[in-house]
Amino acid sequence: MTTASAPSLRSVIAGFLLSLLLCAINSYLTLSFGVIEEGPTIAALFFFAFFFLSRTPITTHEMVIVATMGSAGGSLGFISNFYAAKAMTGQPYSVVDMTLFATITSVVGLLFVIPLRELLVLRENLPWPSSKATAGVISALVEKGDPRQVVVLLVVGLTTMAYVVGNTDGGFGWFPDGTSLPVIAAWGGAIAWSPFAIGSAYLMGMRTCVGFLVGAVVLMVMAPHLPEPDAPHRYVWPGIGFLVATGLTAMLVNWKVIVAAMRSLTDIRVSSDDDSILRGRGLALFAAVALGSTILFLWLGMGLNLLLVVILVVLGGLIQNIIATRAAAQTAFNPARVMGVLLQGACALAGGRGADVNLTGAGFVAGSGAQAGNLTGDMAYGRWFKVPARWQFWTQSITVLPCAYVSALVFQWIQGRTKLSLESGEMPAPVAKIWAATALIFDGQRAMPPHAAEAMMVGAAVGVLYVLAEANPRIERWLPSSVGIGIGMVLPVAYDLSFFLGGVLLWTLHRAFKVRELTLNTVAVACIVAEGLGGVLKPILSMVGVIR
């Protein structure tokens, strides 16, 4: 590995541009749907589409670099939930503050990738389900070089983007953005013709898609008793209680994973692997810069006391990343949403009860986790393909500041054109609402709506019981996913039904019509990117007068 040549220029340039694109797209999609596809598979497919006719053959090493950089940008879009939660609870951040916060938390995440790789990639043989899926796509594209995937990507992508730009939801008005359903329309019953929901449904699996259907049914059952029967998702409290409780209970159910993660911290052995990222003075210098800049920004720039800064770095930068990354490596469950809540609680216990202060706990999870967890997972398949870890580390590092700036600009742009509110906002933003509601609870000085606390408690109690039932292997496969149910209770019913129909459609194509998984992956990627590009493009066309 030590004698391997440097990454190709085209892979670095393509990875950099795709990281910016995916960061912008996911900054929009995470507030629209609450779920995102981080980006490694998307980046790999697009790189293949760009260069499959090149005289220079595409290599697995190039695909790994592009997937890693795309994953870095795509996952950083998740931090928009933190910005939105801050806007829902008080004065929003400026672009400079958002950029600096995302940058310093990302650099801390990169620092802790080094021990995470040592602990979870080199010492242990973990399943890494998401990494295996990305590796499968890379192998299929490079080894078989299927040009049909390029055609599928272009045709599906351009068609669905044309639909998004041309629909009645802020577009040209040529196509309906949804269809109301007879009888249940008064309770929000409709289907949103969302390419993102239809495409990503395949990647999430049928259990999650059925969970969205259950979430829709729960909303419509509650609708007649809610303040806005035609928009039951705006009464977010039961859904937030369910989501937080299911996340916490899932962590308790997987206590062995957490214990193993904590125990690994006591093992200070260094592996004999010669593929090191940083050692000696280089590691000390990088750590000094990362931790020093973090302390200065949070202490002097954001007014946090030193105890809170230490808690954020130790709990948010290291411990939560070990827990979340190991959980994702073993179970494909990444508890980022609930880890944000736990860090908010830790901040409140240390004296940071104010909403603007305890929210920094969730923000730290979003920023550091976007880099640490995803890069560690990327390094797992990078090792399988014999790509030097330092390549992945440094190529991802160069995306941090530009992507932080892009995420800040996109959020400011969204905020200027879309109402963001805990209960009446125009964007669902389920993760942001979880963090905002939690911030208000810890704050204690801002009144919650009548019966909101009771609704959260009921949702939480149901969530605990549901996850305990899911933990039984004999019945788990027959139960809708708790993640789908929880997010479904905060999204509009029309989106829930769209996720469900998308899952049924693509599952049918795979099972009944024997469409290959690689092709369905390509269709899903095309739909996801088309929704993001179209959603970002519509306001731009409106500003320049093309859409009236």
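All of these numbers come straight from a predicted model, not from anything done at the bench.
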Q: To check you understand the geometry: which heavy-atom pair defines the closest contact between Leu343 and Ala362, and what is its length?
A: CB-N, 4.5 Å
Q: Should Phe385 and Ser139 be marked as a side chain to side chain contact (heavy atoms under 4.5 Å, CB included) after you check the CA-CA gap, both sets of side-chain angles, and the distance that decides it?
A: CA-CA 9 Å; Phe385 287 118; Ser139 295; 3.4 Å; yes
Q: Report yes if the side chains of Leu203 and Asn521 come closer than 4.5 Å at any heavy-atom pair, otherwise no.
A: yes
Q: Just by distance, do the side chain of Ser75 and the backbone of Ala370 share a donor-acceptor pair under 3.5 Å?
A: yes
Q: How about Phe393: does its CZ atom have over 12 heavy atoms from other parts shown lying under 6.0 Å from it?
A: yes
Q: Give a yes or no on whether the backbone of Gln396 and the side-chain of Thr399 come within a donor-acceptor separation of less than 3.5 Å.
A: yes
Q: With distance as the sole test, does Thr249 use its side chain to make a donor-acceptor pair with the main-chain N or O of Thr246 at under 3.5 Å?
A: no
Q: Donor-acceptor pair, Lys433 side chain versus Ile240 backbone, under 3.5 Å?
A: no
Q: How long is the span from the CD1 atom in Ile295 to the CG atom in Leu300, to the nearest 0.5 Å?
A: 10.0 Å
Q: Test ring pair (Phe, Tyr, Trp, His ring centres under 6.0 Å) on Trp435 and Phe78; report intermediate values, then the result.
A: CA-CA 13 Å; Trp435 292 344; Phe78 183 71; 5.8 Å; yes
Q: Go through the steps for Trp128 and Leu120 under the test side chain to side chain contact (heavy atoms under 4.5 Å, CB included), then give the verdict.
A: CA-CA 10 Å; Trp128 296 105; Leu120 304 181; 4.0 Å; yes
Q: Check whether any side-chain heavy atom of Phe48 sits under 4.5 Å from a side-chain heavy atom of Met63, and report yes or no.
A: yes
Q: Tell me if the centroids of the rings in Tyr83 and Trp413 come within less than 6.0 Å of each other.
A: no
Q: With side chains defined as the heavy atoms from C-beta onward, is the minimum distance between Val142 and Thr59 less than 4.5 Å?
A: no
Q: Does Phe52 have its ring centroid less than 6.0 Å away from the ring centroid of Phe47?
A: no
Q: Which residue is it: Leu307, Leu304, Asn358? I am looking for the one with a side-chain contact (heavy atoms from CB on, under 4.5 Å) to Cys347.
A: Asn358
Q: Do Phe46 and Val66 come close enough that some side-chain heavy atom pair is under 4.5 Å?
A: no
Q: Would you please classify the geometry between the Phe82 ring and the Tyr93 ring as parallel, tilted or perpendicular, with 30° and 60° separating the classes?
A: tilted
Q: Checking the side chain of Asn26 only, and the main-chain atoms of Leu29 only, is there a donor and an acceptor separated by less than 3.5 Å?
A: no
Q: Can you see which heavy atom on Asn81 is nearest to which on Ala432, and at what distance?
A: O-CB, 3.4 Å
Q: Does the side chain of Ser8 pick up a donor-acceptor pair with the side chain of Ser11 at under 3.5 Å?
A: yes
Q: Minimum heavy-atom separation for Tyr381 to Ala67, with atom names?
A: OH-CB, 3.3 Å
Q: Check whether any side-chain heavy atom of Val523 lies under 4.5 Å from a side-chain heavy atom of Tyr202, and answer yes or no.
A: no
Q: Taking all heavy atoms of Gly361 and all of Leu312, pick out the closest pair and write down the distance.
A: CA-CD2, 3.6 Å
Q: When you look at Leu17 and Leu21, which way does the side chain to side chain contact (heavy atoms under 4.5 Å, CB included) test go after all the steps?
A: CA-CA 6 Å; Leu17 295 176; Leu21 176 65; over 6 Å; no
Q: Report the C-alpha separation of Val525 and Thr41 in whole Å, then their side-chain angles, then the decisive distance to 0.1 Å, and conclude whether the side chain to side chain contact (heavy atoms under 4.5 Å, CB included) test is met.
A: CA-CA 8 Å; Val525 164; Thr41 301; 4.2 Å; yes
Q: For the side chain of Gln149 and the backbone of Leu141, is there at least one donor-acceptor N/O pair under 3.5 Å apart?
A: no
Q: Are any non-hydrogen side-chain atoms of Met69 and Ile398 less than 4.5 angstrom apart?
A: yes
Q: Which heavy atom of Asp378 sits nearest a heavy atom of Pro40, and at what distance?
A: OD1-CB, 4.4 Å
Q: How long is the straight-line distance from CG of Leu278 back to CG of Leu285, given to the nearest 0.5 Å?
A: 9.0 Å
Q: Kindly compute the distance separating CG (Leu126) from OG1 (Thr376), expressed to the nearest 0.5 Å.
A: 11.0 Å
Q: Indicate yes or no for a side-chain donor-acceptor contact from Thr360 to the backbone of Asp356 under 3.5 Å, with no hydrogens or angles considered.
A: no
Q: Side chains of Phe33 and Glu531: closer than 4.5 Å at any heavy-atom pair?
A: yes
Q: Is the closest side-chain heavy-atom distance between Ile311 and Leu315 below 4.5 Å?
A: yes
Q: How many angstroms lie between atom CD1 of Ile528 and atom CD1 of Ile42, to the nearest 0.5 angstrom?
A: 5.0 Å
Q: Any sub-3.5 Å donor-acceptor pair from Ser368's side-chain atoms to Phe364's backbone N or O?
A: yes
Q: With no hydrogens and no angle check, just 3.5 Å: does a side-chain donor-acceptor pair link Thr56 and Arg10?
A: no
Q: Can you tell me if Asp443 uses its side chain to pair, donor with acceptor, with the backbone of Ala439 under 3.5 Å?
A: no
Q: Rounded to the nearest 0.5 Å, what's the gap from CH2 on Trp384 to CD1 on Ile138? Could you check?
A: 10.0 Å
Q: Hey, could you give me the CD/CG distance between Glu62 and Leu9, rounded to the nearest 0.5 Å?
A: 10.0 Å
Q: Using a 3.5 Å distance criterion without hydrogens, assess whether the side chain of Arg207 forms a donor-acceptor pair with backbone atoms of Glu476.
A: yes
Q: Grab the two heavy atoms, one from Gln392 and one from Gly382, that are nearest each other, plus how far apart they are.
A: OE1-CA, 3.6 Å
